[in-house]
Chemist: 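Sharing a structure here in structure tokens format.
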Amino acid sequence: MKPIQYCPKNDKHGTRQVHADIARDFPDVKQQRKGCLKECKICRRQPFVKVGKKLICADTPEQLYEQLTLLIRKQDDKPKKVKSSDLPKKSTKMKSKKHQDDSQSPAKSSDKKNAKTTKKMKKRKKQLEAVQTADEKSQSKNKDKKVKQKKKEKKKKKEKKKNKEKNVIKDEKRKKIAG
């Protein structure tokens, strides 16, 4: 896995604690606390880290930690490249019928393990997608709020304009009556 990079200026959002928790729970994962990562717009708004060229953002440090743990576990579950020299050598001796039956059961258990790991991977993928959709929803909510604020401001301006026009008309009527 590529090293996780943290911006020290993002500590105000709680990434220092995320760094410490990842170091404690996954000591084999490489982490770097560099200078500015040149992601200032994101850095100002929310906690984030960089893994390779990929940015991982979240609303809270806890969510960021969960996303990172999912990513780390996902990387750990990937099959690693095995050299042919590392594989055990097959024996050419004939086995008795009893031993052949025994040798088939580990194959079945490995199939069960593969099925379990694929289920786990699918479940983790769904969790990651749920987190990502939650992030997208929160971003769309923020956009909706901004649009509503702009509409309210436009309404207020229109109302002020109408009130000014009404006041001008009233003033003109008073002048006519008085004059």
Chemist: How long is the straight-line distance from NZ of Lys30 back to NZ of Lys2, given to the nearest 0.5 Å?
Modeler: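 Here the rounded value is 12.5 Å.
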Chemist: State, to 0.1 Å, how close Cys43 and Lys12 come at their nearest heavy-atom pair, and which atoms those are.
Modeler: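 Minimum heavy-atom separation between Cys43 and Lys12: O-CE, 4.3 Å.
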Chemist: Name the one of Gln17, Arg33, His19 that satisfies side chain to side chain contact (heavy atoms under 4.5 Å, CB included) with Asp11?
Modeler: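 Going through Gln17, Arg33, His19 one by one, the side chain to side chain contact (heavy atoms under 4.5 Å, CB included) with Asp11 is satisfied by Arg33 alone.
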Chemist: Between the side chains of Tyr6 and Gln31, is a donor N or O closer than 3.5 angstrom to an acceptor N or O?
Modeler: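 Yes, because at least one side-chain N or O of Tyr6 sits under 3.5 Å from a partner of the opposite role on Gln31.
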Chemist: I need the full list of side chain to side chain donor-acceptor pair (under 3.5 Å) pairs touching residues 150-165, with sequence neighbours left out, sorted by first then second residue.
Modeler: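 Listed once each, the pairs would be none.
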Chemist: Among all residues two or more places apart in sequence or in another chain, which pass the side-chain hydrogen bond (donor to acceptor under 3.5 Å, both in side chains) test with Arg45?
Modeler: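 Here no residue qualifies.
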Chemist: Taking the side chain from Gln75 and the backbone from Leu71, do they hold a donor-acceptor pair closer than 3.5 Å?
Modeler: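 Not confirmed, Gln75 side chain does not pair with Leu71 backbone.
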Chemist: For Cys57 and Gln46, work out which heavy atoms get closest and say how close.
Modeler: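 Taking every non-hydrogen atom into account, CB-NE2, 3.4 Å.
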Chemist: Out of curiosity, Arg44 CZ to Asn10 CG, how far, rounded to the nearest 0.5 Å?
Modeler: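 Arg44 atom CZ to Asn10 atom CG measures 11.5 Å (nearest 0.5 Å).
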Chemist: Between the side chain of Thr15 and the main-chain N/O of Val18, is any donor-acceptor distance below 3.5 Å?
Modeler: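 Here the side-chain-to-backbone pair does not exist.
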Chemist: How many angstroms lie between atom CZ of Arg73 and atom CG of Leu68, to the nearest 0.5 angstrom?
Modeler: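 It is 11.5 Å, given to the nearest 0.5 Å.
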Chemist: Return the minimal non-hydrogen interatomic distance between Cys36 and Cys7, and the atom names on each side.
Modeler: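 Closest heavy-atom pair between Cys36 and Cys7: CA-SG, 4.0 Å.
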Chemist: Give me the atom names and distance for the closest heavy-atom approach of Pro61 to Pro47.
Modeler: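 So the two residues come closest at N-CG, 3.9 Å.
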Chemist: I want to check something: taking the side chain as every heavy atom from C-beta on, are Asp25 and Ile72 in contact at a cut-off of under 4.5 Å?
Modeler: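 With C-beta onward as the side chain, the pair stays apart.
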Chemist: Remaining members of Ile42's ILVMFWY cluster at a side-chain heavy-atom cut-off under 4.5 Å?
Modeler: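 Same cluster as Ile42: Leu37, Phe48, Leu55.
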Chemist: Work out which heavy atom in Ile56 is nearest to a heavy atom in Leu64; give both atom names and the distance.
Modeler: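 Residues Ile56 and Leu64, closest heavy atoms: O-CD1, 3.5 Å.
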Chemist: Would you compute the distance between atom NZ of Lys38 and atom NZ of Lys50 and round it to the nearest 0.5 angstrom?
Modeler: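 One gets 10.0 Å once the value is rounded to the nearest 0.5 Å.
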